[in-house]
Student: 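If you scroll down you'll find the structure; I have some questions about it.
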Amino acid sequence: MELAKSAYLTREEHAPAQPRLLAHPTGKTGLWGWLITVDHKRIGFLYGFFALFFFLVGGFEALLIRTQLMVPNNDLLTAQQYNTLFTMHGTTMIFLAVMPLSSAFFNFIMPLQIGARDVAFPRLNAFSLWTFVAGAIILNIGWFLPQATHGAPDGGWFGYAPLTSKTFIPKHSIDYWVMGLQLLGVASIAASLNFIVTIINMRAPGMTMMRLPVFTWMTLITSFLIILSFPAITIALVELMMDRNFGTGFFEVSLGGMPILWQHLFWVFGHPEVYILILPAMGIISEILPTFSRKPLFGYPIVVFSGAAIGFLGFAVWSHHMFTTGMGTVATAAFALATMAIAVPTGVKIFNWIGTLWGGHLQMRTPMMFALGFVWMFMIGGFSGVMHAAAPADAQQQDSYFVIAHFHYVLIGGSLFALLAGIHYWFPLMFGRKVSEFWGKLSFWVIFVGFNVTFFPMHFLGLNGMPRRTFTYDPNLGWNFPNLLATIGSYILGLGVLIYFIVMAYTYFRGQRVKRDIWDGRTLEWSLPNPPPEYNFRVIPTVHARDAWWYEKHHREEIARENAEHAREEDAHGGIHMPFGSIWPFVTSLGILIGAIGFSAFAPIPGPGIGPKLGISLVGGAVMLIGIYFWSLEGNEGYHLHLDKDGNVIEDDAKAHH
Amino acid sequence: MSAPSHAVAARHDDSHDVSKFQIYVQIAMLLAVITGIEIVIVYIPFAKWIVVTTLVVLSAVKFLYVIFYFMHLRWDKPFCTILFFIGLVLAGGTAWALLMLFGAEASLPLAK
Amino acid sequence: MPKFLPTLARWSRLCVALAGIALLAGCDYNFWQMDGHQSTIVVDGPVAREQLKVFYVTVWVTSVIFVLVGGALAYATLKFRARNEAEEHAAPPEQSHGNPLVELSLIGASVLALVIIAVPTLRAIWYTYDIPEADKANAYEVTAVGYQWWFKFEYPAEQAAVDANSKTPLISANELVIPAGRPVQVHLRTVDVIHSFWVPKLAGKVDMIPNRANHLWLQADKPGYYWGQCAEYCGDSHAVMRFRVIALAPDEFNQWLEQQLQTARTVEASAADASRPKPQFAALRSFGQNEAGVTEQFDIAPLESWRAKQEPERNEDPALIARGRELFAAKTCNTCHTVRGHAAAGILGPDLTHVGSRSTIAGGLLENNREQLHRWISNPAAVKPGNKMGKAYVDNRITMTPEEETAIVAYLESLK
Amino acid sequence: MSAHAATATIDHHHDPSTSTGIPNKKLLMWAFLASDCMFFGALISTHLIYRLHPPAGGLDPKVVFSPELTSFSTFILLMSSLMMALAVTAIQKGNVKSCRWSLLTTIFFGLIFLGCQVYEFNHFVHERNMTLSNSLLGTTFYTLTGTHGCHVAIGVLWLSLMYVRSFKPAPGNPWGRSWLSHQLLHAGVLILTLLLTLKVTLGLVHSLQTEPGLGAGISHFFSSEFLFLAATLIGYGLLFWFARPRGAVQFTEANAIDVESMGLYWHFVDIVWIVIFTAVYLLEYI
Ligand code: HEA
Ligand code: HEA
Ligand code: CUA
Ligand SMILES: [Cu+2]
């Protein structure tokens, strides 16, 4: 039976055999289709969509910051507005832009790289997505509420106690921050558990751990960092929330609390967090450089191992953010040395990337430009990191613009460049179209120049004593020119970003169509047609070598024989298993959102008044429980697809399977 | 997805299945006894360090029995053990480091 | 070769050229010299110097690595680049997988480079933490207390007169006066949130954390006037929480102390005054939000300007000052401010006993002159958003006519 | 896989559909527990740090705590762990009935533990004057043990749902049509009955403690808790009715992995208590 050409089936055609109270929604189109989707590629796309949106928002906030600082004693913004802006800029960029953008690639690319048809728990994946969206909403909700009593978060992105206590910021702004981050934590942990199980358990036959593509390895390590570091901030936030709403004394000096504890708990999370931001980027770079050098990654095992070493060491250095808190000599020395040690595994990666280029045939395509830009910029950012690690020098640099320069070099020159490279690199796979080389490279150069003009002068500003988080400065301190320069740079950077986005949007609709595997790729995702079908692999591939697809391309007959045999086997076992879509993850997240709004927006300002708070929270809790209940009743059922040899769906049966 | 026949065979020479019930009950008794010892020992006027060490060791024994038997790490693939111990060791290490940091003289809170 | 490449090359060359010009044009007087008032590069004390040395070590080591690694990277990129269509489509190169020997030796080299950084780092950690044993006896002790958003300075060793028969440790605000050439131990405390004490030219910062006894030490090589700033985000007006450190030669320091230990100066009306012409006050100017509170002249010789502040003005108006003193109580200023000897003992705001002798007010934000005093007391909330004095104006319903303001300003200026 | 599972024996230590042979759910649970270690690590650290630096004039835990009750609930939690382990073995052998009984006992012990905790908190607040916000000890103690209590409560909820799910009729079972409403009702009655049990038990303990003499205590108990007692008994009657045999169910040996992952969670909650019992309670007495 010849059905539709695509694998996108309608609900009627696949009504389940058994009558049921709540039939599985199987719609594949329209808004409903997006809400119920459990397809890792669509979820990845949604992550990317929201992340890029919030990147623009965060960038817009940055431009406002820079405009305020363009000239001394500017009064474009009030102190209050400025403080809100940098808090939200930092929080947005880290939690709502870079992390979810990495997550977009984890979702979209990782299962394809290991030869899987989906992640291990597709509905949990949808739940992570929607909970992330809920967290983003809570974080930003304050913009739209009365500023005097609500307002967006304004305690700085690391929200040091006791400034964030009710005594000093009685508004709800901090409650939104607490709840927002809490939800983002839930989303990230759930997603990461899923990725860990997927990578460890869902690999195609022959895909041993030491054959995993480096990007997948970095996904795994990042996921571990997330599940092991987020609990620390979750607990810190719980304690803060208790202090704010239930009068506990965790950070309350009058009861004997020690606010320094917040800093420790925050940075126990915070430092691994920065590696959560950079490791996926390093993974992307480790895919792009070999592809465009047309040779395997230099020293694969040691690159993988150094990634793990960075992740592990990352848990032992948190106090380098606290060198100025008077920890005493021994602790300071220990953390300084541990921090420096991280330069070694990081250096290994840089060396191996250069080794990869060495002797290759470098094709200077746009992704490659961004990747090379990454290596340069990240190196500079890393060096200023080592300067911070030298604790006595850091006593002068901490909380100055030198830190701002350091981390924007690693975050933009590092993480962001790699993510932009990744978008260019995988765009043809995701959408079947390719960005024009000219416009791609142009956006690269404008971003590259703008970035350096913005942030290089900040090193000098910091060394010349300009503290961060200051909405104004006096004209007599020698900071005028570098600030002006930085602001001009940020406009250039903004222009570059704008070009980048316009080009992407244009390409999405009108760009040049390309055939599969346009870069002559090395890893399995390139073996798929673009865009990949819902079931990813017609036949689960058998992996024979590290660069699996490269090997397949050079052993075509052997692979064809193998695949035909596997296809027969699979058909005999019922065909391709596909999970049903489900609305319950969305409902669960919706319940969480409602509950969190109740909990943050109506937290008692001082006194008890818990009426509306309790009410709304309970409604949210009930919705959440309903979601979970029906979700668990659904069981992991799905339907089967059978394909003909051209990949058309020839038959499918909705027989529930386990 | 058929279970390979050797797996089925392997299952049968696993004698632990037969006596699992007894094992569990015995371990539960052991754990109860250890708990009893713990409660008693804190009241015995030994040197402080002896009591602390004993308590830590006894708790660790209970802990290990539960994870290796009740949670059958003993019979599962070692990977599960590794996975859990990554978290356990990091959590323990972090807790230890925090206690050291706060124990250092430089971080004593202000005397009132 | 794709036809866009020449265009692209032209574009990028233009961009790089523009960037270069922009950077070179940075002949702003101290962009490259790095000798601003808060410079960490041009420093005046042993602690800051030690920290700078460590910084230079890191700069040199990383620069060398940058040249080597960057060189290799640049070389590889240029050398192995596909230059034309044919090279783009050439057969792939040898699929080599790595070279353990190279990798191990690079790891070794990195470790070595880190050791070069680590050794001076460790030395400096111990040196900057505490005053060297030999100098301890010579050290001078002060306590700095952070408030949202100003600094209180206590001199525990100095007993100041409250009235004829009681004394209290000397307290000042926003300007820390220290003896030059002597190590100074600064105890760091806070009454509310976390602040950080930072005088870049003298020493790196240490935070003031609630429920924690932090300290730092610093020393000024020679007499001088130093800029400082709170370096930890502490709420709305963190950006304008500044202070000054004034280092004086021993004699001058003692002289200053002597003056500060006195109770507040009381200007008596004398017969001579009646005949003296009344001072003319300039018309009050209204300031824009965030308008600079400092003048350029001040910067040229700040220490001299500070010294000039120590002397009483020549033509004071005793009647006006006396009126100001009355108003200071009438307007409830004394509930928050201390003026030793003038029946004002509030502790929520800075001690004003000798406010006239300070070169700045409002936490180092405004130069201490008639105009800025007017600006401050007429609307403190406009100068420092969220500050307690602004709140007090609302809570206590403090309003002032320009005449009253003038009187209070005259009074404050008389408090030398 | 389900069709297959019904016919062949299942190897509970090897799942051939995954790369490592470890079932996905088990791996997920172990990874989560690794993460949970960090949660409790941070909380326990907070508590211990403030015990290391107690504020001047703070409460003395030796005065506040009552070791007898805590030892009792520790013992109860251990026993619940045993029952949980037995539930897993039972279902692995395909013995649904024995599994159900073990689950119920586990739930019951879990509830007793929770009851003890509620009692303890209540006692500390009213008798020992330690509240969440009047002392740092209260702050860290309640937050830490309360978080553990939340874990237990979630576990109890999960166990209850699993118990109810074990009655879900197999396909082809004639009364399968109405199972959803039936199941909802069953779950509701179960949870309500258990809560009532808890309430009644607490009431009994309270009466015995506050009234002079056994007889007075019991009569006070009957007079004050009569309605609750009656409701509880009705609840148990309904539960028996719900649990009457009605043909084949879906819950089989193949669900062993579900029970097992839940068991992992439950045992973890137990080992966290082992640590808390030592670090929070016992260490204070030396
Ligand atoms: C992507 C994120 C990212 C990454 C990868 C890093 C990487 C590093 N960071 Fe950074 N860091 C941040 C993000 C990041 N950081 C952020 C966001 C903050 C500020 C938070 C805030 O306060 O708001 C911060 C702050 C910060 C501080 C605190 C500063 C302060 O507040 O006082 C310190 C201190 O040690 C530090 C150090 C380092 C070090 C040593 C590395 C190393 O991992 C770098 C290693 C890399 C190299 C060294 C380059 C390549 C190596 C070679 C070529 C080999 C040879 C080199 C040598 C032997 C030197 N960082
Ligand atoms: C990944 C993280 C990330 C990224 C990508 C960025 C990107 C940028 N950041 Fe950010 N930054 C942080 C993380 C990041 N930052 C953090 C963590 C802090 C600390 C916060 C704190 O102290 O609490 C910080 C702080 C910070 C400061 C210091 C504020 C202060 O301390 O007072 C400054 C100042 O210049 C700055 C500038 C910029 C600029 C110019 C960009 C640019 O790269 C932005 C480029 C993007 C654009 C310019 C967007 C272009 C969009 C348009 C042109 C269209 C806009 C229109 C609409 C939305 C409708 N950042
Ligand atoms: Cu005080 Cu910033
Ligand atoms: Cu860090």
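Here is how names work: the chains are called A, B, and so on, in the same order as the sequence lines, proteins then strands, and each is numbered from 1. Bear in mind that the values here come from a model prediction, so they are computed numbers and not experimental data.
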Student: Counting C-beta onward and ignoring hydrogens, is there a side-chain heavy-atom pair between Ile227(A) and Phe32(D) closer than 4.5 Å?
Tutor: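 Sidechains of Phe32(D) and Ile227(A): no contact.
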Student: If you define the side chain from C-beta out and look only at heavy atoms, does anything of Phe250(A) sit under 4.5 Å from Thr143(D)?
Tutor: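 Result yes, sub-4.5 Å side-chain heavy-atom pair found.
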Student: Specify which of Ala42(D), Pro54(D), Ala34(D) makes the most heavy-atom pairs with chain A at under 4.5 Å.
Tutor: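 Maximum pair count with chain A is reached by Ala42(D).
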Student: Test Met38(D) against every option in Thr234(A), Leu228(A), Ile235(A) by the side-chain contact (heavy atoms from CB on, under 4.5 Å) rule and name the one that passes.
Tutor: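 Looking at Thr234(A), Leu228(A), Ile235(A), the match for Met38(D) under the side-chain contact (heavy atoms from CB on, under 4.5 Å) is Leu228(A).
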Student: Between OG1 of Thr18(D) and CD1 of Ile200(A), what distance do you get to the nearest 0.5 Å?
Tutor: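 Going from OG1 on Thr18(D) over to CD1 on Ile200(A), the span is 10.5 Å.
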Student: For Thr46(D) and Glu239(A), which I'm curious about, is there any donor-acceptor pair between the side chains at under 3.5 Å?
Tutor: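 Looking only at side-chain atoms, Glu239(A) and Thr46(D) do form a donor-acceptor pair, the distance falling under 3.5 Å.
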Student: For the residue pair Ser19(D) and Asn201(A), confirm or rule out a side-chain donor-acceptor distance under 3.5 Å.
Tutor: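 Note: Ser19(D) and Asn201(A) side chains miss the donor-acceptor criterion.
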Student: Can you tell which of Cys37(D), Ala187(D), Ser135(D), Ser133(D) has the highest number of heavy-atom pairs within less than 4.5 Å of chain A?
Tutor: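 Most heavy-atom pairs under 4.5 Å with chain A: Ser133(D).
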Student: Run the salt bridge (charged side-chain N to carboxylate O under 4.0 Å, His left out) test against Glu284(D) and tell me which residues pass, sequence neighbours left out.
Tutor: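 By the salt bridge (charged side-chain N to carboxylate O under 4.0 Å, His left out) rule, Glu284(D) matches Arg51(D).
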Student: Start with the C-alpha distance between Leu124(A) and Leu28(D), add both sets of side-chain angles, then the distance that settles side-chain contact (heavy atoms from CB on, under 4.5 Å), and finish with yes or no.
Tutor: CA-CA 11 Å; Leu124(A) 186 63; Leu28(D) 181 83; 4.3 Å; yes
Student: Go through Ser229(A), Ala120(A), Gly257(A) and name the one with the most non-hydrogen pairs under 4.5 angstrom from chain D.
Tutor: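 The candidate making the most pairs under 4.5 Å is Gly257(A).
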Student: Using every non-hydrogen atom in the two residues, find where Tyr629(A) and Leu161(D) come nearest and quote the distance to one decimal.
Tutor: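 Answer, listing the atom of Tyr629(A) first, then Leu161(D): CE1-CD2, 3.9 Å.
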